[in-house]
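A short write-up of the structure that comes next.
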Amino acid sequence: MTDAHNHQSPPRFLIWGQGGWVAGHLETLLQHQGKDVHSTAVRMEDQAEVRKVLDEIKPTHVINCAGKTGRPNVDWCEDHKLDTIRANVIGTLILADECEKRGVHITVMATGCIYASKYNNDRTQVASPPFTETDTANFDGSFYSYTKSCVEDVLKNYPNTLILRLRMPVSDDLHGRNFVTKITRYAKVVNVPNSNSILHDLMPVVVALAEHNEVGVVNFTNPGAISHNEVLALYKQIIDPSYTWQNFTLEEQAKVIKADRSNCELDASKLMGLVKRYQAEGVEVEVPEIHEAYRRCFERMKEGMQMREGAQA
Ligand SMILES: NC(=O)c1ccc[n+]([C@@H]2O[C@H](COP(=O)([O-])OP(=O)(O)OC[C@H]3O[C@@H](n4cnc5c(N)ncnc54)[C@H](OP(=O)(O)O)[C@@H]3O)[C@@H](O)[C@H]2O)c1
């Protein structure tokens, strides 16, 4: 990786996708860190408006958290292909291109859901090596994943662009977008080990990577893979002892969803190398192995719940 820019003044962040879930997490963090942070909900495919916002705010760093993810889930993208293309492909490229023309660094929230790992027969273990940043995408079972992998292929040629591959992001609350909230609300859940992104650990790394003007693709998950049942057992142990769940197979799941879902493990060693380097510089970042990260996440969640209960009493 190389330094794309050498800005003299303190960084000015502009978050794209104002109102979105990940955008909100980043904005709060940057505000807590006392950074110069702005955000916008301008449509990325509206090139004139994109230019206007960039020229008015004059960011040194754009963080693109905008995109069509689908509501209630990615099945939406199957029925709204043009909206999905306009946001996830055309808009994403326009924004990166306008940033490049102005010498602005851009971080793009991408997805690791462009791969499918091989599993053992009962799908309790990953049976193929974790995917690295240079592996060719091998999952296009959903239109959402297809658009994200197409755009990544083009974006990686931009010298000002950092591409962070999130997967199944998890927050410290039970927000509807949190992977844990989603799977605890399903009537039945599959049980397959996957790479997950714990936002508490990873959001500070977004800031560090951007401030170091890193570019290229980075798998952006905690190291290791964790199964749905391991997550739910920890949830039951720490958050809700009365919680129970039922499993079903991937074949049974396929009958109730429109688009296929990616299950995979990503290789987080490139990310961990960067984290180690920043730690040596005194930057406060830590990305624990996924099982430990989940335990800490549920403990913070429990603490938050107890504090709120205490405040209401
Ligand atoms: N959450 C996940 O499971 C997950 C996993 C991996 C990667 N990611 C990636 O992380 C990013 C953020 O995800 P999120 O969970 O925060 O999604 P989110 O809550 O749906 O937020 C996305 C935001 O982008 C906005 N947006 C959509 N199309 C736009 C366009 N053409 N121009 C400008 N803004 C647009 C949306 O506004 P409107 O609703 O008004 O359109 C929304 O405010 C996405 O790129 C997503 O692909 C998410």
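In listed order, ligands and their atoms are each counted from 1.
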| request: Give a yes/no on ligand 1: does V42 have at least one heavy atom closer than 4.0 angstrom to it? | output: yes
| Taking both backbone and side-chain atoms of R86, is any N or O found less than 3.5 Å from an N or O belonging to ligand 1? | no
| request: May I ask you to list the atoms of ligand 1 that are less than 4.0 angstrom from any heavy atom of A87? | output: 28 (N), 31 (N)
| said: Are any of the N/O atoms on R177, whether in the backbone or the side chain, positioned under 3.5 angstrom from an N/O atom of ligand 1? | reply: yes
| message | Under 4.0 Å, counting heavy atoms only: does Y144 come that close to any atom of ligand 1? | response | yes
| task | Answer yes when D55 and R51 have at least one side-chain N-carboxylate O distance shorter than 4.0 Å, and no when they do not. | result | no
| field | Salt-bridge criterion met for R123 and E251 (N-O under 4.0 Å) | value | yes
| Do NZ/NE/NH1/NH2 and the carboxylate oxygens of E265 and R167 come within less than 4.0 Å? | no
| task | Evaluate the side-chain proximity of N263 to Y115: yes if any heavy-atom separation is below 4.5 Å, no if none is. | result | no
| Taking atom CG of L274 and atom CZ of F220, what is their separation to the nearest 0.5 Å? | 10.0 Å
| field | Under 3.5 Å: N/O of M109 near N/O of ligand 1 | value | yes
| Can you find a side-chain donor-acceptor pair between N247 and N229 that sits under 3.5 Å? | yes
| query | Looking at ligand 1, does G91 have a heavy atom less than 4.0 Å from it? | reply | no
| query | Should the pair K276-E281 be classified as a salt bridge under the 4.0 Å nitrogen-to-oxygen rule? | reply | no
| message | Just to confirm my output: which protein heavy-atom neighbour is closest to atom 42 (C) of ligand 1, and how far is it? | response | G20 CA, 4.0 Å
| task | Using the ring of F143 (Phe, Tyr or Trp, six-membered ring only), decide whether K81 places NZ or CZ under 6.0 Å from its centre and within 45 degrees of its axis. | result | yes
| Between the side chains of D122 and T124, does any donor sit under 3.5 Å from an acceptor? | yes
| said: With a 4.0 Å cut-off on heavy atoms, is E45 in contact with ligand 1? | reply: yes
| query | Has A110 got any heavy atom lying under 4.0 angstrom from an atom of ligand 1? | reply | yes
| Distance filter under 4.0 Å to A66 heavy atoms, resulting ligand 1 atoms | 24 (O), 33 (C), 34 (N), 35 (C), 45 (O)
| Are V22 and L174 connected, step by step, through hydrophobic side chains (Ile, Leu, Val, Met, Phe, Trp, Tyr) whose heavy atoms are closer than 4.5 Å? | no
| message | Just to be sure I'm reading this right: ignoring hydrogens, which of K148, H175, R43 gets closest to atom 35 (C) of ligand 1? Compare them by their nearest heavy atoms. | response | R43
| message | Only heavy atoms of T111, strictly under 4.0 Å: list the atoms of ligand 1 that pass. | response | 6 (C), 7 (C)
| Protein non-hydrogen atom found under 4.0 Å from atom 39 (O) of ligand 1 | no
| query | Are H212 and Y278 close enough, and set up right, to give a ring pair (Phe, Tyr, Trp, His ring centres under 6.0 Å), and what steps lead you there? | reply | CA-CA 9 Å; H212 283 76; Y278 301 158; 4.1 Å; yes
| field | Nearest protein heavy atom with distance in Å, relative to atom 26 (N) of ligand 1 | value | G67 N, 3.7 Å
| Q18 near ligand 1 by a heavy-atom separation under 4.0 Å | yes
| said: According to a hydrophobic-cluster definition based on side-chain heavy atoms being under 4.5 Å apart (Ile, Leu, Val, Met, Phe, Trp, Tyr only), do L250 and F179 belong together? | reply: no
| query | Below 3.5 angstrom, do we get any N/O pair linking T69 and ligand 1? | reply | yes
| query | Below 3.5 angstrom, do we get any N/O pair linking V22 and ligand 1? | reply | yes
| query | When you measure from atom 18 (P) of ligand 1 to each heavy atom in K68, M44, R71, which option holds the nearest one? | reply | R71
| So which heavy atom in the protein is nearest atom 12 (C) of ligand 1, and how far is it from that ligand atom? | C65 O, 3.2 Å
| atom 19 (O) of ligand 1 - nearest protein heavy atom and its distance | W21 N, 3.0 Å
| Electrostatic pair K101:E98 at N-O distance under 4.0 angstrom | yes
| With a cut-off of 4.0 Å, which atoms of ligand 1 are near a heavy atom of G19? | 43 (O)
| query | What atoms in ligand 1 come closer than 4.0 Å to a heavy atom of P169? | reply | 1 (N), 2 (C), 3 (O), 4 (C), 5 (C)
| Quick one: which of T92, V108, I114 gives a side chain to side chain contact (heavy atoms under 4.5 Å, CB included) with E152? | I114
